[in-house]
Amino acid sequence: MTIRPLLECSRLSFERDDWPVFAGVSFVVEEGDILQITGANGAGKTTLLRMLSTTLSPSEGRILWQGRPLSECLAEYRSDCLYLGHQPGVKTALTPRENLHWLLAVHPRHADRIDHALSQVGLFRHADSPCGSLSAGQLRRVALARLYLSEARLWILDEPFTAIDRAGVGELETLMDNHAARGGAVVVTTHQPLTLSPKQLDLEPYGRCIA
Amino acid sequence: MAAVSPERSAFSAIVIRDLTLAFRHRGEIANPLIFFVMVATLIPLGVTPEARQLAEIAPGIIWVMALLATLLSTETLFLSDFRDGSLEQMALSSESLWVLVLAKILVHWLISGLPLTLLSPLLGVMLSLPAEGFLTMVASLALGTAALSLIGAIGAALTVAIPRGGLLLSLIVMPLYMPVLIFGASAVQQAVDGMAVGGALAVLGALLAFSLLISPFAAAGALRVSLHG
């Protein structure tokens with residue numbers, strides 16, 4: 001039996017209003033991989049991640065999930081991947097607990113561990129105060145709490161370290177490392193150097209990419 | 001824990017979430033209702049306080065106001081979810097997006113159409129609507145505002161990514177609102193005139209059933225297009 005890579009992207013390109021954002025991006029994500037996507041501002045990192053999250057579809061190229069095209073296993077793929085975008089998807093009028101509750105209902109996971117997850121990200125004391133009164137970093141931590149609850153195999157994280165303090169970055173890196181060690185995979189964009197020594201993919205505007 | 005099918009639990013989670021949000025932003029919900037009541041108080045002052053003349057225009061006025069009040073609240077249906085990334089998270093759910101959209105539309109009706117319907121007898125009194133019209137007015141508004149919420153959701157989904165999409169929303173949605181307005185107002189008029197109202201109410205029910213079939217799918221599709229932009 002051959003082991004297929006989790007995610008296989010070949011010659012992805014994306015055009016916005018007839019302008020190419022990037023072209024010919026190919027890479028493979030295997031179990032246990034942490035792939036860091038780097039590139040200048042505007043190189044298309046977020047676009048690429050939104051494509052992996054299935055919000056966008058590539059103008060050209062194809063994405064295979066465990067050897068099958070995404071269009072054939074969309075629901076399965078969506079329940080197996082966790083995407084945290086630029087906008088964390090946290091309602092400021094709700095409390096962290098309420099936010100996690102609906103997010104977990106929409107992405108069914110272990111909902112009974114919300115307390116555990118909130119204390120992991122250091123928000124247990126604020127679990128029942130409205131998110132509008134939290135700082136930017138704490139707001140981001142509400143979204144990151146989902147990582148402690150998720151059973152998704154592929155994590156797609158867009159700038160997860162934004163507004164997170166140094167201790168938080170360390171914890172997050174440990175979390176990613178543990179996830180990879182359990183056979184999961186992480187695709188992450190960040191400008192911060194990671195201590196994990198991940199695989200790198202450098203996006204160049206309009207250019208070729210070296211994986 | 002009782003076994004709940006995932007669709008149902010995601011559906012109820014969105015319903016609970018949106019009701020909580022609505023409760024925390026009570027002022028915004030009250031806005032269309034206040035508009036609805038205010039116009040009804042102004043009409044007798046501006047047009048005529050004479051009961052017989054008011055009674056003639058009351059069915060039309062009440063229905064037009066209900067339509068405009070619903071339209072006012074439709075614009076924000078998906079807007080905050082779009083801005084804070086929740087909509088993206090809903091679209092990436094392994095549940096079908098239309099189930100979640102239907103939950104949002106249900107809450108929209110519960111906080112806009114339903115209160116309008118419950119308030120309408122008060123307006124009927126203010127506008128001297130003859131007593132025979134009240135029951136039909138409440139029934140027609142209950143059916144009609146639900147259809148308006150469903151139809152409006154398609155327009156709101158199409159325009160959510162467009163800055164200042166409110167005007168475009170009105171242009172898209174207005175023609176689709178027309179049949180609901182025509183049959184709703186004429187049902188009340190017929191009741192006032194002592195005619196049978198079954199036909200007009202049946203058409204309203206059919207419009208509701210039809211929009212219930214079409215709208216969640218159309219709105220979900222439109223939201224995916226909006227997210228793609």
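Order of the sequence lines sets the chain letters (A, B, ...), proteins ahead of strands, with each chain counted from 1. Bear in mind that the values here come from a model prediction, so they are computed numbers and not experimental data.
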Considering only heavy atoms, which portion of A:S57 lies under 4.5 Å from any heavy atom of chain B: side chain, backbone, both, or neither?
both

Tell me, side chain or backbone of B:I14 under 4.5 Å from chain A's heavy atoms, or both, or neither?
side chain

All heavy atoms of B:A161 vs all of B:S226, minimum pair found to be CB-O, 3.8 Å

Cation-pi between A:R16 and A:F14: NZ/CZ under 6.0 Å from ring centre and within 45° of the ring axis?
no

Indicate yes or no: does A:R50 engage B:E88 in a salt bridge with an N to O separation below 4.0 Å.
yes

Could you report the tightest heavy-atom contact between B:W63 and B:L148, atom names first, then the distance?
CZ3-CD1, 4.5 Å

Using non-hydrogen atoms and a 4.5 Å limit, figure out which bit of A:L103 sits close to chain B: side chain, backbone, both or neither.
side chain

Looking at chain A, which one of B:A91, B:S94, B:S93 has the largest number of heavy-atom pairs inside 4.5 Å, strictly under?
B:S93

Of A:L52, A:V187, A:L49, which meets side-chain contact (heavy atoms from CB on, under 4.5 Å) against A:Y83?
A:L49

Report which part of B:Q89 has an atom under 4.5 Å of a heavy atom belonging to chain A: side chain, backbone, both, or neither.
both

